[in-house]
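Down below is the structure, laid out as structure tokens.
No hydrogens, no waters, no symmetry mates; every other heavy atom, side chains included, goes into these values.
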Amino acid sequence: MPPPVLALAGHVALVTGASSGLGAATARTLGAAGARVVVNYNADREGGEAVAASIRAGGSQALAVQADVSQEDEVEALLAAARGAFGTLHVLVANAGLQQDARAEEMTLAQWRRVIEVNLTGQFLCCRAAIREFLRRGPAPKVSRATGKIVCMSSVHEAIPWAGHVNYAASKGGVMLMMKSLAQEFADRRIRINSIAPGAIRTPINRAAWESEAAEEKLLRLIPYGRIGEPEDVAQAALWLASDLSDYVTGATLFVDGGMTLYPGFQDNG
Ligand code: NAI
Ligand code: BGC
């Protein structure tokens with residue numbers, strides 16, 4: 001068997017929520033590594049098409065496909081579109097997610113449900129659809145040592161409680177055990193399932209936390225490494241988890257957070 005490489009030649013990858021932020025950077029990075037990429041978007045068609053176009057400009061194939069990941073029929077149609085365009089799927093990055101923040105006493109049931117439905121149920125629906133395709137197709141040893149690879153986009157808030165964001169933290173805590181349970185269930189079929197838990201990365205989801213100098217200064221107090229993350233920091237970790245270089249890694253959460261989970265408050269306290 002040839003030595004593993006940090007590349008995805010022959011792979012078909014699906015990245016959800018890929019019209020902006022971490023999803024867009026990950027789709028571009030996987031495309032640059034040689035994968036044919038399905039770029040999922042929900043509302044932002046222009047953004048999805050632009051990401052797909054930039055992947056094609058780099059020499060890989062790419063297709064933008066609309067789907068709301070919280071809707072079972074739309075996720076099924078998304079997988080059907082991937083198969084229709086590229087024949088199968090080898091990598092899923094279940095990235096789509098959102099925040100609807102409110103203090104718990106003011107949080108509506110609709111806010112609770114929407115965040116759980118997109119961040120947790122949406123990831124489950126995408127994982128299930130990808131796993132079904134991996135099992136249907138079986139091993140593809142010329143493409144990868146694994147039959148399929150899934151990267152779930154979690155958050156440091158799978159571990160760090162977050163006041164004012166109970167729906168979001170609960171969704172990411174759920175992603176953590178969903179990922180590990182699926183990894184345990186499908187390891188014997190050579191399907192690797194891992195998560196990335198980003199810290200504060202500069203994207204539209206947390207614009208308010210970095211766009212003013214005062215907000216940025218406050219945020220940096222939570223980051224021992226001294227800089228806010230960039231989408232490429234996460235995209236490069238996703239590429240490693242999707243490649244055969246991580247072939248013995250499954251059921252793991254890779255924290256990409258500049259040390260945010262290192263209890264920075266204890267640096268000069270306790
Ligand atoms: P973003 O807001 O740019 O990206 C989220 C993407 O998900 C958007 O493209 C949005 O259209 C899409 N999306 C939302 N609902 C959807 C639905 N129902 N169906 C399909 N797509 C949908 O923000 P970002 O930061 O790129 O977020 C990506 C993921 O990273 C999310 O799961 C988020 O929770 C996670 N994350 C982000 C961190 C950060 O600091 N930026 C830190 C930790 C986790
Ligand atoms: C959230 C961001 C936040 C980061 C660190 C992410 O999961 O989506 O809004 O900046 O965690 O707290």
| Considering residues, nucleotides and ligands other than Glu213, do more than 12 of their heavy atoms fall under 6.0 Å from its CD? |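 At most 12 heavy atoms, drawn from other residues, nucleotides or ligands, come within 6.0 Å of this atom.
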| request: Could you tell me whether Gln184 atom CD has more than 12 heavy atoms of other residues or ligands within 6.0 Å of it? | output: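 Count not over threshold, so no.
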If I compare all heavy atoms of [X] with all of [Y], which pair ends up nearest, and what's the gap?
X: Leu30; Y: Leu239; value: CD2-CA, 3.9 Å
X: Ala62; Y: Ala52; value: CB-O, 3.6 Å
X: Ser54; Y: Arg28; value: OG-NE, 3.0 Å
X: Ile201; Y: Val256; value: CD1-O, 4.1 Å
X: Trp210; Y: Ile228; value: CB-CD1, 3.6 Å
X: Pro4; Y: Leu245; value: O-CD2, 3.5 Å

Below 4.5 Å, heavy atoms only, C-beta onward: do [X] and [Y] meet side chain to side chain?
X: Ile116; Y: Arg113; value: no
X: Asn40; Y: Val65; value: no
X: Leu14; Y: Leu78; value: yes
X: Arg132; Y: Glu76; value: yes
X: Ser70; Y: Leu125; value: no
X: Thr147; Y: Arg137; value: yes

For residues [X] and [Y], is any side-chain donor paired with an opposing acceptor at under 3.5 Å?
X: Glu158; Y: Thr253; value: yes
X: Asp101; Y: Gln99; value: yes
X: Ser60; Y: Arg36; value: no

Sidechain-backbone polar pair: [X] side chain, [Y] backbone, donor-acceptor under 3.5 Å:
X: Thr121; Y: Val118; result: no
X: Asn206; Y: Ala209; result: no
X: Asp44; Y: Ser20; result: no
X: Asn194; Y: Val151; result: no
X: Ser144; Y: Ala146; result: yes
X: Asn95; Y: Thr16; result: yes

| Apart from Tyr263 itself, residues in the same hydrophobic cluster as defined by side-chain heavy atoms under 4.5 Å |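 Via sub-4.5 Å side-chain contacts, Tyr263 links to Phe266.
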Between [atom1] of [X] and [atom2] of [Y], what distance do you get to the nearest 0.5 Å?
X: Phe124; Y: Leu182; atom1: CZ; atom2: CG; result: 7.0 Å
X: Asp233; Y: Tyr225; atom1: CG; atom2: OH; result: 9.0 Å
X: Gln236; Y: Leu241; atom1: CD; atom2: CG; result: 12.5 Å
X: Asn42; Y: Gln71; atom1: CG; atom2: CD; result: 9.0 Å
X: Glu49; Y: Tyr41; atom1: CD; atom2: OH; result: 5.5 Å
X: Lys218; Y: Ser212; atom1: NZ; atom2: OG; result: 9.5 Å

Path from [X] to [Y] over hydrophobic side-chain contacts below 4.5 Å:
X: Leu92; Y: Leu22; result: no
X: Val15; Y: Ile150; result: no
X: Leu8; Y: Val93; result: yes
X: Phe86; Y: Val75; result: yes
X: Val51; Y: Val69; result: no

| task | Evaluate the side-chain contact (heavy atoms from CB on, under 4.5 Å) criterion for residues Ile191 and Leu135: first the C-alpha distance (whole Å), next the side-chain angles of each, then the deciding distance (0.1 Å), finally the verdict. | result | CA-CA 9 Å; Ile191 297 173; Leu135 295 176; 4.0 Å; yes
| task | Apply the test side-chain contact (heavy atoms from CB on, under 4.5 Å) to residues Arg202 and Glu216: give CA-CA distance (whole Å), side-chain angles for both, the deciding distance (0.1 Å), then the verdict. | result | CA-CA 10 Å; Arg202 201 185 301 274; Glu216 179 163 355; 4.0 Å; yes
Please report, to 0.1 Å, the donor-acceptor pairs under 3.5 Å made by any side chain of residues 163-179, with sequence neighbours excluded.
from   : atom 1 : to     : atom 2 : distance (Å)
His165 : ND1    : Ala163 : O      : 2.9
Asn167 : ND2    : Gln100 : O      : 2.8
Asn167 : ND2    : Gln111 : O      : 3.2
Ser171 : OG     : Asn119 : ND2    : 3.2
Ser171 : OG     : Tyr168 : O      : 2.6
Lys172 : NZ     : Met153 : O      : 3.0

| field | Candidates Thr250, Asp244, Val249 - the one meeting side chain to side chain contact (heavy atoms under 4.5 Å, CB included) with Ser246 | value |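 Filter result, single survivor: Val249.
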| Under the salt bridge (Lys or Arg N to Asp or Glu O under 4.0 Å) test, which residues partner Arg189, sequence neighbours left out? |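 Here no residue qualifies.
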| request: Please work out which of the three classes, parallel, tilted or perpendicular, describes the rings of His11 and His90, given edges at 30° and 60°. | output: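 Judged by the thresholds at 30° and 60°, the geometry between His90 and His11 is perpendicular.
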Under a 4.0 Å N-O cut-off, is there an ion pair linking [X] with [Y]?
X: Arg136; Y: Glu133; result: yes
X: Asp247; Y: Arg190; result: no
X: Glu72; Y: Arg128; result: yes
X: Arg114; Y: Asp68; result: yes

| request: Give the C-alpha distance, both sets of side-chain angles, the deciding distance and a yes or no for side-chain contact (heavy atoms from CB on, under 4.5 Å) between Trp240 and Leu254. | output: CA-CA 11 Å; Trp240 180 74; Leu254 177 55; 4.3 Å; yes
| query | Are Leu89 and Leu79 close enough, and set up right, to give a side-chain contact (heavy atoms from CB on, under 4.5 Å), and what steps lead you there? | reply | CA-CA 8 Å; Leu89 187 75; Leu79 261 287; 3.8 Å; yes
